[in-house]
Number of protein chains: 2
Amino acid sequence: MKNSLSELKELARLCRGDILKMTSVASSGHPGGSMSSIELYLSVFNRANIDPKNPFDEKRDKTVVSHGHTSPGVYSSLARLGFFAIDDVISGFRHPGSIFEGHVTRGIPGIEWSTGNLGQGLSAGVGFALAAKMKNEDSKVYVFSSDGESPKGQISEARRTAKKENLNNLIVLVDYNDIQISGRARDVLPVNIKEEYKSAGWNVLEIDGHNLIQINEALEIAENNKMGPTVIIASTIIGKGVSFMKNRHEYHGSPLSDDELDKALKELNIENDIEKYRKMRENLDLTKTKVSYPNIKLDVEKGKPRIYPKDKKIDNRSAFGNALADLAKENKNKFPIAALDCDLFPSVKLAAFKEVNPEGYIQIGIQEHNAATIAGALSTSGVLTFFADFGVFGLDEPFNQQRLNDINHTNLKTAITHSGTDVGEDGKTHQEVNYIGLTRSLYNTKLIVPNDPNQTDKVVRYAASTDGNIIITMGRSKLDIILDENGDIFYGENYEFNYGDIDVLRNGEDITIITYGTYTNNAVKTADNLRKENININVIGVPTPLDYDEEKILPFLKDKIIITLEDHNLENGIANELSKTIVKNNVSVKDFINLGYKDYAASGSSKLIQKQNSLDVDSLTKMIKELY
Amino acid sequence: MKNSLSELKELARLCRGDILKMTSVASSGHPGGSMSSIELYLSVFNRANIDPKNPFDEKRDKTVVSHGHTSPGVYSSLARLGFFAIDDVISGFRHPGSIFEGHVTRGIPGIEWSTGNLGQGLSAGVGFALAAKMKNEDSKVYVFSSDGESPKGQISEARRTAKKENLNNLIVLVDYNDIQISGRARDVLPVNIKEEYKSAGWNVLEIDGHNLIQINEALEIAENNKMGPTVIIASTIIGKGVSFMKNRHEYHGSPLSDDELDKALKELNIENDIEKYRKMRENLDLTKTKVSYPNIKLDVEKGKPRIYPKDKKIDNRSAFGNALADLAKENKNKFPIAALDCDLFPSVKLAAFKEVNPEGYIQIGIQEHNAATIAGALSTSGVLTFFADFGVFGLDEPFNQQRLNDINHTNLKTAITHSGTDVGEDGKTHQEVNYIGLTRSLYNTKLIVPNDPNQTDKVVRYAASTDGNIIITMGRSKLDIILDENGDIFYGENYEFNYGDIDVLRNGEDITIITYGTYTNNAVKTADNLRKENININVIGVPTPLDYDEEKILPFLKDKIIITLEDHNLENGIANELSKTIVKNNVSVKDFINLGYKDYAASGSSKLIQKQNSLDVDSLTKMIKELY
């Protein structure tokens, strides 16, 4: 403890003033909940092992603020404890020229995870706590939550994983002020928070959330507990500290008027110096200030690539599983390696990995939102992290969780084993045909769609050894090994994967097929069929459809009949991306024929679905002969 | 009860044979769980008020199968009870030429909701039960669930709403076979199902799920209960009925080999006639068979449009709230009208609606996955349904739930009140800048982005009176009323909204701004500024960016300098859509300048963010003058 409880009490008074000032200066923000959480924030930041002078030390304790709109409370507490200057916060809060955004933002000293979309914070805390456990560190993780966000299902999910993984180092503090935007929490939607945590097997403590002695005693108990995670349910009063704000939901998300502010500051015995901050704010410039993201860098040994021989059919997902097992072997004693699974163990091909690295196999159960967030947090903390799942479960279902990973600049490798319509006979609920379009929505995430098992091997090793979020999408079917025009393995010993490169698989004349992933095989076979009839077409594989080298692809577009072929929604896949390239570069093309899916496909084998949609080799060969 | 319990017992034996045959004929599918659920399916389908001869009668009871992979059990039970021919099921299961998909599919007689992505079924059941309650019908809703899917957070959410809304007519049957893909459920992830339902205030019954007497007694109790929803936790045995399949997770998702099938059918005393079905299957053609979707059609009175006067600034979301209240008034005695809210009551502008139609205001709390699915199910059932939320919470967070609504061809109107960067100062977690790209992923959903409050009014009335899923996206800011070149209201008395139309807001010469939504105001003001300097530019509003009339827009593209202006991710918005139009129609353009967002925007007011990114009127005017 850096400050005594009486010092904290004084800081709480000052913070209340700061909260009111910054929201009034910004004319927006959430004062009410910030004032109900303030004693909790000050107590934790004061006792946790986080050094304001070195806030991202690797062995630090971590905190997650799940109800990120209480940023005024968080920023003021951290400022008053020496993490940064309070004047910068009060003047810059919610201004585009400041780092102090409306919701807490990772990278600001003392802040570990950007939140704002409720219900995700506990999963992030589980990720951080799991990382500490995997690294045998005795650091702690404190998660701040609220009664308002408690209904979110992802919290139920995270609770279960915390218990299953026996995370003694995880402490949740629930700010129970019984107020949310629309009124009393109990009226909006009753949640039996205490019984829910109990039924999940947690230790439950109940305290007065404004009583510094009770808070610190409860934290002491929780920190020394060895029987699984602990929740501290803290009864609080929204707007606490200012008589007319108490228990009023109107102050959840609205600042005080100038008159109200004056009155409130008088009650708090704090000088009203708001004009000073308004002037400072006027002088802020709009040059966007950025924070940096404290990911722990890993020095990953890629190992020796595997070469799958010509005569062997194998699925990309098995090549992924094999490469991951190799990576686990190569890097075993350097850092922990995790693979998260949502009850699809045999399908996502984690058996070899689990064999080599059983402690790194993390079974989350059917809880994809929770899995995606845990994986994101884990990936920042010195654990090489893969999340393996089907496309609908790894991208569609946790889309907003992947988006928060993107916002948080995590270092997650998402391996999608079942994408497009190549998912077996499961039907449209399982067909993720929008992976290019969805990843397009994420500004900081790379997408790679390998064309065969040999390329998959290289891509997995590349992803493991490259910083940042990377999504690899594969299909379920066994594929032929792609050969070059001489009959040698295309992605063989001399091939190296470079992000952005295109693969010139066949060289031809007027017609170019542009493709990627599962259907690359069809394109190559079609070209080889046509060659027998003296029709030579180009086949270009584009394994990075969101970010390919335009200079290299242009010669295969210019004055050609272009045929795009994809196991994807026609409107947001490679045809779409190429349209932008064509317009941007003012390329003249002879024709632009787009093959893919205009609607949900039927339930059937990949082969029959291809046939049904005229995307199989026979249909393609026939179509191109007619064009010629 | 149509059949006696001893008849049901005999049907269960036959169904087990059907399940094994169809999965072996298809060489895929899930026999294990189908065999553990079969007595539950037969009992419910036998006693529920669903007429095989008229399966979509409006007053029917409804069922939802949340663990949709047990489709063999569902299809065989329904077939054996007369809903369709068992031979069609066994021969067609999981074949692209058949309606009997891998996961249960809405529109097949007896099946109310397509599932496959776990954890959504209970929310759909809540939607159906709520519809019955709102219509004062005494029909019941039975939801089949499983222990394997119980970890999904959305189930926790749905439980709370069912209790809050006091849905006595809702009965859940949990198939508790303790097996899932990766092994024993208790090892994969422990879930205290009984305590979780209890802490949510449900009635809990526990039975032997293979004992027809116990099942039917429990259903009798649940059907007559008046104290909130009931769950029946049914202990079962996976693979029940065949000695070597019992309790083996290997049979969760794998069919029997021919030898095993022969052995199993002998145990069941059923003839092995699988070759007959294999021959039938060979003769299925690939012409895709479609089911129809039994939505109840509503005859919606649109009411008299409101015209907002020139001198009044108003936000589109308030125009939405007003139009919705008008619609509620106009249609009050015709059918129920619902508006679902996730604790954003003041922000999503539902006050006027609640005033007029308090019983239609449904507060779900912060449970967006649950809300989106409830809304989808409700919208099919004779309730005019709006779901109002911010973009990140109504689209991003429940993306996969909206996708399942799309697959189910529901009739939902999603009103997004905070989209783009126009969300207040909340920062990037709250900025939904991908609404065009995301909706592009949904094959059956329309997107409308109105340009001002007057157009919003018309769009809301159009959406209410038009079948199908429609998403309307708006911003938070107050906007000027858009005027035409004569200074009259553009979207005034003579304006009618037609889906697909473009709005020629200003007529000019060589330069065309293409825009929509919040930034349309900027484009018009820029044009009016430039006109004062004798520079005349075209301004085209495109309120339906996914589906605009290409013929009408082409003259404004051809040989023009095109400037796209959008409050959206640059890569998947209108610039992207126009690129496809330009390539497809082989249009020559002078230049194609794309203005929007290349990265997450800062936290700040819409005005400051526009300025920071040079998207404000001054920056636009300056830029175009330099072009000219």
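Throughout, protein chains are lettered first and strands after them, A, B, ... in sequence-line order, and every chain is numbered starting at 1.
- Taken from CZ in B:F399 to OG in A:S441, the straight-line distance is 8.5 Å, to the nearest 0.5 Å.
- Contact tally against chain B (heavy-atom pairs below 4.5 Å) for A:V191, A:L578, A:L395, A:I609: the top residue is A:V191.
- Chain A forms the most heavy-atom pairs under 4.5 Å with one residue out of B:K194, B:H69, B:E149, B:Q431, and that residue is B:Q431.
- The two atoms that bring B:E101 and A:G427 nearest to each other are OE1-CA, 4.2 Å, heavy atoms only.
- Distance alone, capped at 3.5 Å, is enough to place a donor-acceptor pair between the B:E157 side chain and the A:G153 backbone.
- No other option in B:Q363, B:K428, B:Q154, B:E571 has as many heavy-atom pairs under 4.5 Å with chain A as B:E571.
- For chain A, the option among B:G102, B:P151, B:S579, B:G604 with the highest count of heavy-atom pairs below 4.5 Å is B:P151.
- Of the residues B:K163, B:R160, B:K164, the one that meets the side chain to side chain contact (heavy atoms under 4.5 Å, CB included) test with A:P190 is B:K164.
- Contacts between A:D341 and chain B at a heavy-atom distance below 4.5 Å involve the side chain alone, from C-beta outward.
- Of the two parts of A:T115, only the backbone, made up of N, CA, C and O, holds a non-hydrogen atom closer than 4.5 Å to a non-hydrogen atom of chain B.
- Looking only at distances, no side-chain donor or acceptor of A:E196 sits under 3.5 Å from a matching main-chain atom of B:E196.
- Using a 4.5 Å cut-off between heavy atoms, A:L438 touches chain B through its side chain atoms alone.
- Inspection of the A:S156 and B:S156 side chains reveals an N or O donor paired with an N or O acceptor under 3.5 Å.
- Of the two parts of B:S588, neither the backbone nor the side chain holds a non-hydrogen atom closer than 4.5 Å to a non-hydrogen atom of chain A.
- Contact annotation for A:S150: only backbone heavy atoms (N, CA, C, O) come within less than 4.5 Å of a heavy atom of chain B.
- Residue A:A26 touches chain B through its backbone alone, counting heavy-atom pairs closer than 4.5 Å.
- When side chains are defined from C-beta on, A:Y443 counts as touching B:N569, because their heavy atoms get closer than 4.5 Å.
- A:N572 and B:N572 share no donor-acceptor pair across their side chains, judged by distance under 3.5 Å alone.
- With respect to the salt-bridge test (charged N to carboxylate O, under 4.0 angstrom), the residues B:K198 and A:E195 do not qualify.
- Note: B:I366 leads B:I155, B:I366, B:L118, B:L546 in heavy-atom pairs under 4.5 Å with chain A.
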TODO: Give the C-alpha distance, both sets of side-chain angles, the deciding distance and a yes or no for side-chain contact (heavy atoms from CB on, under 4.5 Å) between B:K580 and A:K580.
DONE: CA-CA 7 Å; B:K580 292 186 279 187; A:K580 290 186 280 187; over 6 Å; no
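- In terms of non-hydrogen atom pairs under 4.5 Å with chain A, the most contact-rich of B:I364, B:T581, B:V188 is B:V188.
- At a threshold of 4.0 Å, the pair A:K290-B:D599 counts as salt-bridged, since one of the basic side-chain nitrogens sits closer than that to a carboxylate oxygen.
- At a 4.5 Å heavy-atom cutoff, the contact between A:L344 and chain B is made by backbone and side-chain atoms alike.
- Interface remark: A:V433 contributes side-chain atoms only to the contact with chain B (heavy atom separation under 4.5 Å).
- For B:Q401, the part lying under 4.5 angstrom from a heavy atom of chain A is the side chain only.
- For the atom pair CG of B:N400 and CG of A:N400, the computed distance is 12.5 Å after rounding to the nearest 0.5 Å.
- Contacts of B:H30 with chain A are made by side-chain atoms alone, with heavy-atom separations under 4.5 Å and no backbone atom involved.
- At a 4.5 Å heavy-atom cutoff, the contact between A:F393 and chain B is made by side-chain atoms alone.
- Side-chain contact between A:N117 and B:F390 is absent, with no heavy-atom pair separated by less than 4.5 Å.
- Contacts between B:Q120 and chain A at a heavy-atom distance below 4.5 Å involve the side chain alone, from C-beta outward.
- Closest non-hydrogen pair, A:I582 versus B:V583, comes out as CG2-CG2, 3.8 Å.
- Once rounded to the nearest 0.5 Å, the distance linking CG of A:D343 with CG of B:L189 reads 9.5 Å.
- Between chain A and the options B:G365, B:S199, B:G424, heavy-atom pairs under 4.5 Å are most frequent for B:S199.
- Side-chain atoms of B:H103 come within 3.5 Å of backbone N or O of A:D426 as a donor-acceptor pair.
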Task: side-chain hydrogen bond (donor to acceptor under 3.5 Å, both in side chains) between B:E425 and A:S28, worked out - done: CA-CA 7 Å; B:E425 294 84 349; A:S28 85; 3.2 Å; yes
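- We find that B:R403 and A:E397 are not joined by a salt bridge, their nearest charged nitrogen and carboxylate oxygen being 4.0 Å or further apart.
- For the options A:R440, A:E368, A:E577, heavy-atom pairs under 4.5 Å to chain B are most numerous at A:R440.
- Contact detail for B:Q612 and A:T287: the closest heavy-atom pair is NE2-C, 4.4 Å.
- Judged by distance alone, the side chains of A:Y600 and B:N444 never bring a donor and an acceptor atom under 3.5 Å apart.
- Contacts of A:L404 with chain B are made by side-chain atoms alone, with heavy-atom separations under 4.5 Å and no backbone atom involved.
- Ranked by heavy-atom pairs under 4.5 Å with chain B, the first of A:K584, A:K598, A:K611 is A:K598.
- Considering only heavy-atom pairs separated by less than 4.5 Å from chain B, the leading option among A:D187, A:D406, A:N370, A:N192 is A:D406.
- Between atom OG of residue B:S603 and atom NE2 of residue A:H95 there is a gap of 10.5 Å, rounded to the nearest 0.5 Å.
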